[in-house]
Amino acid sequence: MNLETLLTQKVKEVIFNEFSMELPAVEFQPTRKDFEGDITVMVFPMLRHIKGNPVKIGEQIGAFLKKEVDAVSDYNVIQGFLNVVIDDAYYLDFFNGIKNDSAYGFVTELGKEGVMVEYSSPNTNKPLHLGHIRNNLLGYSVAEILKASGKKVYKTQIINDRGIHICKSMLAWQRFGNGETPESTSLKGDKLVGNYYVAFDKAYKKQVAQKIAGGIDPKVAEKEAPILLEAQEMLQKWEAGDEQVVALWKTMNGWVYKGFEETYKNLGVDFDTLYYESDTYLLGKDVVTEGLQKGVFYRKDDGSVWIDLTDEGLDEKIVLRSDGTAVYMTQDIGTAIQRIKDRPDVGGMVYTVGNEQDYHFKVLFLILKKLGYEWAQSLYHLSYGMVDLPSGKMKSREGTVVDADDLMIDMTRTAAEISEDLGKLEGYSETEKQDLYKMIGLGALKYYILKVDPKKRILFNPEESVDFQGNTGPFIQYTYARIQSILRKAEELDLQDFDDLTGQTGNDLHGAVGPNELLLGQTAGLHPKEKELIKQLQLFPETVQLAAENLSPALIANYTYDLVKEFNSFYQQVSILGEEDVEKKLLRVQLSRKVGEVIKSAFGLLGIEVPDRM
RNA sequence: GGUGGCAUAGCUCAGCUGGAUAGAGCACCUGCCUUCUAAGCAGGCGGUCCUAGGUUCGAAUCCUAGUGCCAUCACCA
């Protein structure tokens, strides 16, 4: 039984004995470092149910716990805080119970019901940028966390592969491209297409300026620029299935997909199923027609279809244009329904989309609820803050975006410079080194982004490089590498001694003392740092669950940082391999190994790899 | 204007369902590498938790109002 549950029972028991009162709950918190003890029982909240002096009540409870609970070795009361000292044996026992559990912290029996996590969902007219990186890292990580918490997860995205923005790039390429291809220019396909998106905007602005100079009203000029009209015409042709336009569209999208694939691969994210807007944009229409009959929607005189959400404190929202074409909302309705059809085991969905679309998703979920879909109540918008530059918002048309590929290259380069300065990679081949630099560079970037609460905006200053010291990815990777170094030496030193480190049964060196009784009979006790480490390890499973409930990788990042800080302090203060007492040495090596495993597991949830050396 | 989010050290951020003297990192200052990797450890400096009320034994945390920043309210996505 979990210690807190046991203590809760016992506290309730003593209160019932003394006051004939059934406490609804008992509150705990970890004891602050400045006081003696491990777990603190809060007496104040009990005063609502029973009358008395908090110090006295604390004393009564403390005495009872010490007498009745083996794990409680002592206690002290300060004000309304009952600090309980937990016996080393309890912690050792706990550690022995988890040390060989390779999936520690994870729920390995997945539930029947699946959850679909959507992320990335880019437009195919320009390359991915820093904003997409945050989106991708969050989506990937949340999917991994949900999986670890016991959910069956499908990663997906909706690729916005059609629309006027795509036509703009296509038209500009036709106009100014001279038949350029990724091959002929050695450019990534998404970059090439993105260039033409910018080229379109340039030409468009020029035309608008000319018209305004010619005395035309700016608003009219913006709508009537010839190149824009042409793009709109192209969209109509695309919708009509014009062969040439569709062929060009396929070609250019193909270039973009290849480029995206490379970026995703470098970033280390993946997907289980893909949805394309061009396949799904018509789906929602039928649903809207149905909803119209059911009275969920209504038609205005001009033929457009709307939903009235004023009862919910929202506005009216359009779901179909007067010309019968679909809007974004129409398509999202269709896509959601299609996904549940495709995967009947899916009971909920998580949409990883920036907070600028909060309203859109509020409306979408409401519509699906009103349409009577039960699963609509299990839809979540993982709404995250924008990534801003010191100059403000990133704008692709103005070229102020931080490109995803460039950023990854920069980070890798910085990691390489630092590593070379430190010069600890003797014996590594050039490819091994490059792999490591990338691992560290991306570790820094990913951690930097994921440690921040998703809903908060991030200010990214390209002038200041992401740190590699302190609360950073590389710091945690470094600690992992240190641990691996210890484990390598431990094996070299005395393989026999550490047999059970690798999970093999091996011969028991210590005669009657089995691994689960390690140190239990000893008087020496645990070093305070060892105890703190075990306590921190204890928190991992609940942290995974909490992160899953809150869809927050930041909780995992912060947990890992605390664990690693604790380990480094331990590492500095006690000798591991230099310890003479064999049992202590063995415990310390095992502790180190477990910390390493948890770092690896936790970072895996963030999509960050860990190195054996660095 | 309506709605939603955010506001904590010079900077970047933690602070779980209200609990003890509000914590980290960066930056700045001081120590520690002939001993398991110094991308580290130990310590110092640094706070009107946006403001004003309220609830409570107790508020950075909950409620109300205000201020500031951001987003959104399009037959855009």
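Chain identifiers are assigned alphabetically (A, B, ...) following the order of the sequence lines, protein sequences preceding nucleic acid strands; residue numbering begins at 1 within each chain.
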For Glu609(A), the option from Lys438(A), Met439(A), Lys600(A) that meets side chain to side chain contact (heavy atoms under 4.5 Å, CB included):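 The option that passes is Met439(A).
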
Given the P atoms of G53(B) and U12(B), what is the spacing between them in whole Å?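 G53(B) and U12(B) have their P atoms separated by 29 Å.
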
Have a look at [X] and say if it touches a base, only the backbone sugar-phosphate, or nothing, with a 4.0 Å heavy-atom cut-off.
X	result
Gln29(A)	base
Ile440(A)	base
Gln573(A)	nothing
Asn83(A)	base

When you measure from the side chain of Asn253(A) to the backbone N and O of Asp161(A), does any donor-acceptor pair fall under 3.5 Å?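 Indeed, once roles are kept as given, a pair shorter than 3.5 Å links the two residues.
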
For Trp306(A), is the NZ or CZ atom of Lys317(A) found under 6.0 angstrom from the centre of its six-membered ring and inside 45 degrees of the ring axis? no

Relative to Tyr281(A), does Arg162(A) satisfy both conditions: NZ or CZ under 6.0 angstrom from the six-membered ring centre, and within 45 degrees of the ring's axis? yes

Look at the side-chain N and O atoms of Lys455(A) and state whether any lies under 4.0 Å from the OP1 or OP2 oxygen of C6(B). yes

Check whether any side-chain N or O of Lys565(A) sits under 4.0 Å from OP1 or OP2 of G40(B), and answer yes or no. no

Using the closest heavy atom to pick a nucleotide of RNA chain B for each, name whichever of Arg457(A) or Asn568(A) lands nearer the 5' end. Arg457(A)

Among C41(B), A38(B), U12(B), the nucleotide that comes nearest once only the side chain of Arg482(A) is considered: A38(B)

